[in-house]
Amino acid sequence: MNSIAICPGSFDPITIGHINIISRTAKMFDKVIVVVMINKKKNSGLFTLEERVNFIRKCTSDIPNVEVDFYDGLLADYAVSKGAVAIVKGLRVLSDYEDEFKQALTNKKLAKNVETIFMVTDTEYMFLSSSVVKEVCSFGGDISDFVPAQIKQDIIDRIRERCV
């Protein structure tokens with residue numbers, strides 16, 4: 001039996017904290033699908049859906065059991081459609097837990113055979129979020145320790161475009 005896990009997020013942009021969770025998840029499951037979810041609560045984002053998918057593909061190309069996809073709908077429905085046994089959510093700080101816990105309960109109600117697993121990020125990434133990356137970069141700060149090298153210049157270029 002192949003075990004499939006889903007790692008969902010908006011990934012606008014993907015950070016090394018995200019990569020940390022994805023690579024650790026890939027060691028636990030036969031297949032990991034990183035899915036860019038469309039979050040209707042958030043603005044359209046800094047990067048298009050296609051750019052985010054391509055960034056993730058670039059940054060995970062060395063992890064053979066990772067696939068990348070996007071979805072506009074209920075995460076529980078997506079997980080069931082892919083035959084997933086788990087949804088893996090990364091937690092950085094305690095405040096992440098409350099929202100994620102509510103989502104996990106909802107997903108369990110909608111997809112009884114799919115478990116939600118909370119994975120705590122490595123301590124060196126606990127402060128890191130896509131919002132932090134965008135803010136630091138917008139003020140000209142060095143984001144080298146925050147994002148994968150393969151996409152760093154793309155992020156800098158986009159933020160500079162927006163700030164001009």
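Reckoned from all heavy atoms, side chains included, excluding hydrogens, waters and symmetry mates.
D99 is linked by a side-chain hydrogen bond (donor to acceptor under 3.5 Å, both in side chains) to nothing, counting only residues two or more places apart in sequence or in another chain. In this structure, D77 has no salt bridge (charged side-chain N to carboxylate O under 4.0 Å, His left out) partners at least two apart in sequence or on a different chain. By the salt bridge (charged side-chain N to carboxylate O under 4.0 Å, His left out) test, D145 pairs with no residue at all, sequence neighbours left out. Taking the salt bridge (charged side-chain N to carboxylate O under 4.0 Å, His left out) definition, one finds that K109 meets it with nothing, sequence neighbours left out. With sequence neighbours excluded, the residues satisfying ring pair (Phe, Tyr, Trp, His ring centres under 6.0 Å) with Y78 are Y71. Every residue two or more places apart in sequence or in another chain was checked for a side-chain hydrogen bond (donor to acceptor under 3.5 Å, both in side chains) with K82, and none qualifies. Every residue two or more places apart in sequence or in another chain was checked for a salt bridge (charged side-chain N to carboxylate O under 4.0 Å, His left out) with E135, and none qualifies. A79 pairs by the side-chain contact (heavy atoms from CB on, under 4.5 Å) definition with I6, A84, I87, V114, not counting sequence neighbours. Partners of F29 according to the ring pair (Phe, Tyr, Trp, His ring centres under 6.0 Å) rule, which considers only residues two or more places apart in sequence or in another chain, do not exist here. In this view, F70 satisfies the ring pair (Phe, Tyr, Trp, His ring centres under 6.0 Å) rule with no residue, not counting sequence neighbours.
A distance-only check finds a donor-acceptor pair linking the side chain of N65 to the backbone of A26 [under 3.5 Å]. Within the 3.5 Å criterion, the main-chain N or O of S10 finds a donor-acceptor partner in the side chain of R52. For the pair S130 (side chain) and P13 (backbone), a donor-acceptor distance under 3.5 Å is present. Judged by distance alone, with hydrogens and angles left aside, the side-chain atoms of D12 form a donor-acceptor pair with the main-chain N or O of F47 at under 3.5 Å. Not one N or O on the side chain of N20 forms a donor-acceptor pair closer than 3.5 Å with the backbone of I16. Side chain of R92 to backbone of T121: no donor-acceptor contact under 3.5 angstrom is found.
Among residues at least two apart or in separate chains, salt bridge (charged side-chain N to carboxylate O under 4.0 Å, His left out) pairs with a member in residues 53-63 are K58-D154. Pairs engaging residues 116-125 under the salt bridge (charged side-chain N to carboxylate O under 4.0 Å, His left out) rule: R24-D122 [sequence neighbours left out].
Side-chain contact of K152 with S144: a donor-acceptor pair under 3.5 Å is present, judged by distance alone.
Rounding to the nearest 0.5 Å gives a distance of 7.0 Å between CZ of F118 and CZ of F101. Of the inter-residue distances, the one linking R160 atom CZ with C137 atom SG reads 7.0 Å to the nearest 0.5 angstrom. The distance from the SG atom of C7 to the CE atom of M37 is 12.5 Å, given to the nearest 0.5 Å. For the atom pair CD1 (I56) and CD1 (I14), the distance works out to 4.5 Å, reported to the nearest 0.5 Å. Taken from CD in E51 to CG in L49, the straight-line distance is 10.0 Å, to the nearest 0.5 Å. Annotation: the span from I63 atom CD1 to S23 atom OG amounts to 5.0 Å, rounded to 0.5 Å.
Contact between I143 and V133 at its shortest, heavy atoms only, is CG2-O, 3.8 Å. The heavy-atom pair separating V88 from A5 by the smallest distance is CG2-CB, 4.1 Å. Nearest heavy atoms, A86 versus I117: CB-CD1, 3.8 Å. The two residues L128 and G17 make their nearest non-hydrogen contact at CD2-N, 3.7 Å. Of all heavy-atom pairs spanning C59 and Q150, the tightest one is CA-NE2, 3.6 Å.
The aromatic ring centres of F11 and F55 sit 6.0 Å or more apart.
Within 6.0 Å of the CZ atom in F127, the count of heavy atoms belonging to other residues, nucleotides or ligands exceeds 12.
Residues E100 and L91 meet the side-chain proximity criterion, which asks for heavy atoms closer than 4.5 Å. Between K89 and M119, the closest side-chain pair of non-hydrogen atoms is not below 4.5 Å. Using a 4.5 Å heavy-atom threshold, the side chains of K134 and L46 count as touching.
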Derivation and outcome, side chain to side chain donor-acceptor pair (under 3.5 Å), residues D157 and Q153: CA-CA 6 Å; D157 292 346; Q153 195 58 51; 2.8 Å; yes
Start with the C-alpha distance between F146 and V136, add both sets of side-chain angles, then the distance that settles side-chain contact (heavy atoms from CB on, under 4.5 Å), and finish with yes or no.
CA-CA 10 Å; F146 302 164; V136 169; 3.9 Å; yes
| message | Let's go through T60 and I19 carefully: what are the C-alpha distance in whole Å and the side-chain angles of both, what is the deciding distance for side-chain contact (heavy atoms from CB on, under 4.5 Å) to 0.1 Å, and is it a yes or a no? | response | CA-CA 8 Å; T60 61; I19 298 296; 4.0 Å; yes
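Under the 4.5 Å side-chain heavy-atom criterion for ILVMFWY residues, a single connected hydrophobic cluster contains both V34 and M28. No path of Ile, Leu, Val, Met, Phe, Trp and Tyr side chains, each step under 4.5 Å between heavy atoms, connects L74 with V36, placing them in separate hydrophobic clusters.
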